[in-house]
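Below: the structure, in structure tokens.
Side chains are part of it too, since the values below use all heavy atoms of this structure and drop only hydrogens, waters and symmetry mates. All residue numbers refer to positions in the sequence shown, counting from 1.
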Amino acid sequence: MNLHFTKFTERPAGTLAIYVGWQGYCITERDGNTSCHTDDGVMMMPFDVTIAEKFNETYPELFKDPVEQDPDLNPASQPNPPHNPKIYAASVLCLLCGGAATTIGFVWTLLYPQFQDKYYSRGFLAWGAGVLALLLVAQSSIMYENGIDELNIVYPHLEAVIGPCMVLTGMAFASFIISGYTFLHGCFSKEEDDSALGEGYNPL
């Protein structure tokens, strides 16, 4: 529950809370009991419509008295066909790239100088993971932030907020980019300029 992308509570503030992640959600009931469920359906866009359809039957009090929106004044309220933005697939690829870069780093640390990363595999893999992490930041921002804004506007008895996973996704992007830059040190330098780097220079 501590790691989630969005959190929904009743308004005015109550004890009911719904935490939504990528592959499921957890619900803390009013009596304090918490249950978690696996459901990749919560990753469908538009996010506000998905959440309303999924929880309206169980918690209709959160979605009563909806405020009708004028598409001319609020373009985000225009109906869109449901679709999966494939965020989970991108996250798996990001994990594979980052994990491969980390594994090569451990092998280099344990077996150096027998094993050397002559082709800067760690750097390119880290940058690949960084590009995918940037894609995840963009997709998550569009999906969750827009959806949360709409939920807060349309449903007066529900309060939606961004969870800490959005910040962690941004931190992952920054970490991969910095790591890639560090591991690619010397990759783009000209051979004739190597002397300028000083004697005994070795790539990281």
query = Given side chains that start at C-beta, do those of Phe5 and Val20 come closer than 4.5 Å, heavy atoms only?
reply = no
ask   = Under 3.5 Å, is there a donor-acceptor pair between the side chain of Asp48 and the main chain of Leu151?
value = no
request  = Would you check, one step at a time, whether the test side chain to side chain contact (heavy atoms under 4.5 Å, CB included) holds for Leu16 with Ile27?
outcome  = CA-CA 8 Å; Leu16 175 65; Ile27 302 175; 4.1 Å; yes
remark   = Here the pair of heavy atoms bringing Trp22 nearest to Ser140 is CZ2-OG, 4.0 Å
ask   = Is the shortest heavy-atom distance from the side chain of Asn80 to the side chain of Met45 under 4.5 Å?
value = no
query = To the nearest 0.5 Å, what is the distance between CD (Glu145) and CD1 (Ile162)?
reply = 5.0 Å
task = Find the distance between CE (Met143) and CG (Leu136) and round it off to the nearest 0.5 Å.
result = 12.0 Å
Taking every non-hydrogen atom, the tightest pair across Met44 and Thr50 = O-OG1, 3.0 Å
Same apolar cluster: Val92 and Val42, side chain cutoff 4.5 Å = yes
note = For Gln69 and Val154 the tightest heavy-atom approach is CG-CG2, 3.8 Å
request  = Check salt bridge (Lys or Arg N to Asp or Glu O under 4.0 Å) between Glu159 and all other residues, then give those that pass, not counting sequence neighbours.
outcome  = none
ask   = Passes side chain to side chain contact (heavy atoms under 4.5 Å, CB included), Phe63 versus Ile51? Steps please.
value = CA-CA 10 Å; Phe63 302 96; Ile51 293 299; 4.2 Å; yes
request  = Could you tell me which non-hydrogen atom of Ser141 sits nearest to which non-hydrogen atom of Met166, and how far apart they are?
outcome  = OG-CE, 3.4 Å
query = Hey, what do you get for CD1 (Ile18) to CD (Glu10), rounding to the nearest 0.5 Å?
reply = 9.5 Å
ask   = Hey, does Glu61 have a side-chain heavy atom less than 4.5 Å from the side chain of His157?
value = no
message = If hydrophobic clusters are built from ILVMFWY residues whose side chains come within less than 4.5 Å, do Val161 and Leu168 share one?
response = no
key: Full working for side chain to side chain contact (heavy atoms under 4.5 Å, CB included) between Glu29 and Tyr59   = CA-CA 11 Å; Glu29 302 286 355; Tyr59 305 100; 2.7 Å; yes
Val131 with Ile87, same ILVMFWY side-chain cluster at under 4.5 Å = no
request  = State the CG-CH2 distance between Leu132 and Trp127, to the nearest 0.5 angstrom.
outcome  = 14.5 Å
task = Check side-chain contact (heavy atoms from CB on, under 4.5 Å) between Thr58 and all other residues, then give those that pass, not counting sequence neighbours.
result = none
query = When rounded to the nearest 0.5 angstrom, what distance separates CD in Glu150 from CD1 in Ile148?
reply = 11.5 Å
query = Where is the tightest heavy-atom contact between Tyr155 and Arg11, given as atom of each residue plus distance?
reply = O-NH1, 4.5 Å
request  = Could you please spell out the steps behind the side chain to side chain contact (heavy atoms under 4.5 Å, CB included) verdict for Tyr88 and Asp40?
outcome  = CA-CA 9 Å; Tyr88 187 70; Asp40 58 3; over 6 Å; no
key: Linked, directly or transitively: Leu134 and Tyr181 (ILVMFWY side chains, under 4.5 Å)   = yes
task = Measure the spacing between CZ of Phe183 and CZ of Arg122 and express it to the nearest 0.5 Å.
result = 5.0 Å
query = Gln23 side chain to Gly21 main-chain N or O, any donor-acceptor pair under 3.5 Å?
reply = no
task = Might you point out which heavy atoms bring Leu158 and Asn152 nearest each other, and give the distance in Å?
result = O-OD1, 3.7 Å
ask   = Are the aromatic ring centres of Phe55 and Phe8 under 6.0 angstrom apart?
value = no
inquiry  = For residues Tyr119 and Trp108: do they belong to one hydrophobic cluster (side chain heavy atoms under 4.5 Å, members Ile, Leu, Val, Met, Phe, Trp, Tyr)?
reply    = no
request  = Using modelled atom types only, decide if a donor and an acceptor are shared between the side chain of Ser179 and the backbone of Phe176 within a distance under 3.5 Å.
outcome  = no
